[in-house]
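Beneath this line is the structure, given in structure tokens, with notes to follow.
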Amino acid sequence: VWFPFLIRSLQGKAVTSLGRGHNCSWAITSTGKVWGFGTSGAGQLGNGDTDGGIGGSVTMPVLLKSLQKHHIVQASGGINFAMFLTEYGELLSVGYAANGQLGISFDKVEELDRTYTSAIQRVEHTGIVMKLVSCGDSCSVALSDSGMVYTWGSGGDWALGHGQKDDVFTPKLVSMIEADPCVAVSAGGCHMMAVSHGGRLYAWGRGFIGQLGLGHRLDDDLELLQALPAKVDFSPGMEGSELAMCVACGHCHSIIQTALAGDEPEREVARPVVVEPEEKTAAPRVAAAAPAAKMETSKAVKQFLTLVVEVLSGRNLAAKDVESGSSDPYCKVKVKDGRTKQKEKTKVISKTRDPSWNETFTFKGCVNRIAIEGDPRMKEPGQAPTLNWDVKLKVSCYDQDKLSSDEHMGVVFVPLAGIPLNRRRDIWVPLAAKIEGQRVSGDIRLRVYLTDD
């Protein structure tokens with residue numbers, strides 16, 4: 001299939017999340033049921049069937065009856081195994097087990113008839129509530145509700161972050177980052193990454209083509225292997241450095257979402273996966289209807305906020321006038337919110353590479369914030385107010401030329417997602433090239449904030 005293909009058999013199933021393995025996929029419904037399709041050779045699909053490890057295929061989604069007693073909220077898979085996370089933070093596994101992939105003890109692996117199984121296994125993490133799981137080729141990483149990171153499976157290529165290459169059969173704490181609770185984790189083919197509550201990004205494992213982001217280069221036939229978690233720097237030595245928000249690892253690459261320091265949304269380390277079991281089985285209370293009615297009302301209310309951008313100054317800008325060794329810089333500020341564009345322009349500061357503009361621009365009604373719940377782009381409903389993800393802020397710097405057209409000196413794109421209300425913070429943002437090959441220099445100092453006044 002070379003283009004998106006509608007899976008008609010899943011229509012009407014209220015699918016809320018998707019999961020994928022090396023050669024199979026899962027669709028999870030709002031009621032916690034799992035539909036799977038793809039290869040079931042080692043039992044990794046979870047449909048209770050294998051074909052001796054040869055690699056049979058399930059071409060149409062089938063309901064995984066082996067998981068019907070559980071309310072599943074997430075699925076992830078490796079080359080020939082899979083992990084399922086329940087609403088109560090319990091991990092279940094199925095498939096190949098020889099290197100510890102299933103998270104069960106070595107003794108239990110030896111009790112299996114073969115090196116793989118189609119029977120659902122309970123990952124051994126007694127007393128630890130998991131909130132996220134991600135599978136690599138032959139290993140897994142999970143995040144607990146207290147922000148601790150656990151890994152298990154094949155230790156090849158130092159993928160587990162324990163400083164050794166031994167296979168680990170049950171979830172083991174990555175002690176190197178224990179003191180820095182995390183909010184996101186992801187596993188690639190043979191590497192892993194974790195994002196801490198403070199916005200720090202850690203990477204470990206195999207980085208032979210740069211997937212760790214540690215700045216190393218390939219040297220002859222030497223493969224970069226990082227045995228323990230190492231901190232990844234985005235802009236070393238720069239003020240206003242970016243903070244990691246979430247990460248996703250591919251087989252041999254990684255992608256990170258960031259926010260500027262001071263503009264990240266508030267977030268809790270410990271967050272229960274769902275309500276407590278006793279709340280689920282408790283008898284309905286008469287007062288329960290009142291909050292529901294209030295919530296429905298809140299969803300219909302949309303609040304438009306004001307974005308304030310202060311263009312303060314610049315430093316070390318390019319010298320466009322060769323004779324004077326300076327420039328006549330000014331800035332254009334543009335905000336696009338998906339519906340309209342608003343533009344503003346600073347004054348020109350003559351003959352300088354370090355201008356001071358100190359100008360304030362107000363963009364009213366360009367930010368739409370849903371106060372309680374209802375925005376599908378927000379991962380966790382009810383968080384502190386966050387910015388509409390569609391809003392884009394662009395600041396372009398120009399050198400005024402009275403005899404011809406003004407010359408572009410660089411551009412700044414400011415990530416606005418997660419900016420808090422009524423909180424001011426100065427940031428230095430480096431100018432970037434507008435087109436390939438353009439030479440740029442210097443930084444722009446901005447103050448960006450939201451207000452509901």
Side-chain angles (χ1 to χ4, degrees), residues 183 197-200 234-235 238-246 257-268 301-315 329-347 349 354-372 374-375 377-397 410-432 442-453:
V183 295
H197 182 262
R200 288 169 287 276
F234 300 109
S235 304
M238 292 296 298
E239 293 185 55
S241 297
E242 293 171 290
L243 301 179
M245 301 300 295
C246 66
Q257 178 196 351
T258 66
L260 292 180
D263 295 336
E264 69 281 5
E266 299 177 8
R267 48 189 182 183
E268 300 177 359
V301 176
K302 294 184 179 180
Q303 180 180 6
F304 290 89
L305 306 177
T306 296
L307 175 66
V308 180
V309 180
E310 297 183 23
V311 183
L312 302 176
S313 59
R315 63 184 180 188
Y330 68 93
C331 288
K332 292 182 179 180
V333 183
K334 182 170 71 173
V335 173
K336 180 181 179 182
D337 65 356
R339 303 168 301 157
T340 59
K341 294 180 181 180
Q342 300 183 49
K343 300 180 181 179
E344 296 288 352
K345 178 181 175 182
T346 69
K347 59 188 176 185
I349 307 297
D354 303 297
S356 294
W357 293 289
N358 294 316
E359 294 192 50
T360 301
F361 304 107
T362 301
F363 301 93
K364 293 187 176 182
C366 70
V367 180
N368 177 16
R369 188 252 295 171
I370 300 176
I372 305 297
D375 192 340
R377 291 165 295 192
M378 294 183 183
K379 286 188 175 181
E380 298 175 342
Q383 277 191 333
T386 56
L387 189 64
N388 189 319
W389 294 87
D390 289 341
V391 179
K392 297 177 178 65
L393 171 62
K394 176 183 177 181
V395 180
S396 300
C397 187
V411 63
V412 167
F413 292 95
V414 181
L416 296 178
I419 283 187
L421 278 172
N422 302 316
R423 179 176 166 187
R424 305 186 181 192
R425 178 70 64 92
D426 291 5
I427 55 174
W428 284 98
V429 188
L431 286 168
D443 313 295
I444 300 295
R445 184 186 173 202
L446 303 172
R447 183 180 294 138
V448 184
Y449 59 96
L450 286 175
T451 176
D452 51 4
D453 295 338

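Everything numeric here is computed off the predicted structure, so don't read it as measured data.
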(message) Within this structure, what is the CD-CE distance for the pair Q257 and M245, rounded to the nearest 0.5 Å?
(response) 6.5 Å
(message) Would you compute the distance between atom CZ of R447 and atom OG of S313 and round it to the nearest 0.5 angstrom?
(response) 10.0 Å
(message) On a heavy-atom basis, which atom in I444 and which in C331 lie closest, and how many Å separate them?
(response) CD1-SG, 4.3 Å
(request) Locate the shortest heavy-atom distance separating S396 from V411; write the atom from each residue and the value. (result) OG-CG2, 3.6 Å
(request) Please report the closest heavy-atom contact between W357 and G314, naming both atoms and the distance. (result) CZ3-N, 3.8 Å
(message) Suppose we screen for salt bridge (charged side-chain N to carboxylate O under 4.0 Å, His left out). Which residues come up paired with E344, at least two apart in sequence or across chains?
(response) none
(message) I'd like to know whether E359 forms a side-chain contact (heavy atoms from CB on, under 4.5 Å) with K347, so could you lay out the CA-CA distance, the side-chain angles of the two residues, the decisive distance to 0.1 Å, and finally the verdict.
(response) CA-CA 8 Å; E359 294 192 50; K347 59 188 176 185; 2.9 Å; yes
(request) Please name the pair of heavy atoms, one in D443 and one in R315, separated by the smallest distance, quoted to 0.1 Å. (result) OD2-NE, 2.9 Å
(message) With rounding to the nearest 0.5 angstrom, report the CZ to CG distance, F361 to L393.
(response) 11.5 Å
(request) Find the distance between OG1 (T360) and CD (E310) and round it off to the nearest 0.5 Å. (result) 4.0 Å
(request) For residues F363 and K343, report the shortest heavy-atom separation together with the two atoms involved. (result) CE2-N, 4.5 Å
(request) Heavy atoms only: give me the nearest V412-P430 pair and the separation to one decimal. (result) CG2-O, 3.8 Å
(request) Look up atom CG in N358 and atom OG1 in T346, then write down how far apart they are to the nearest 0.5 Å. (result) 10.5 Å
(message) Could you measure the distance from the CD1 atom of I349 to the OH atom of Y330? Nearest 0.5 Å is fine.
(response) 13.0 Å
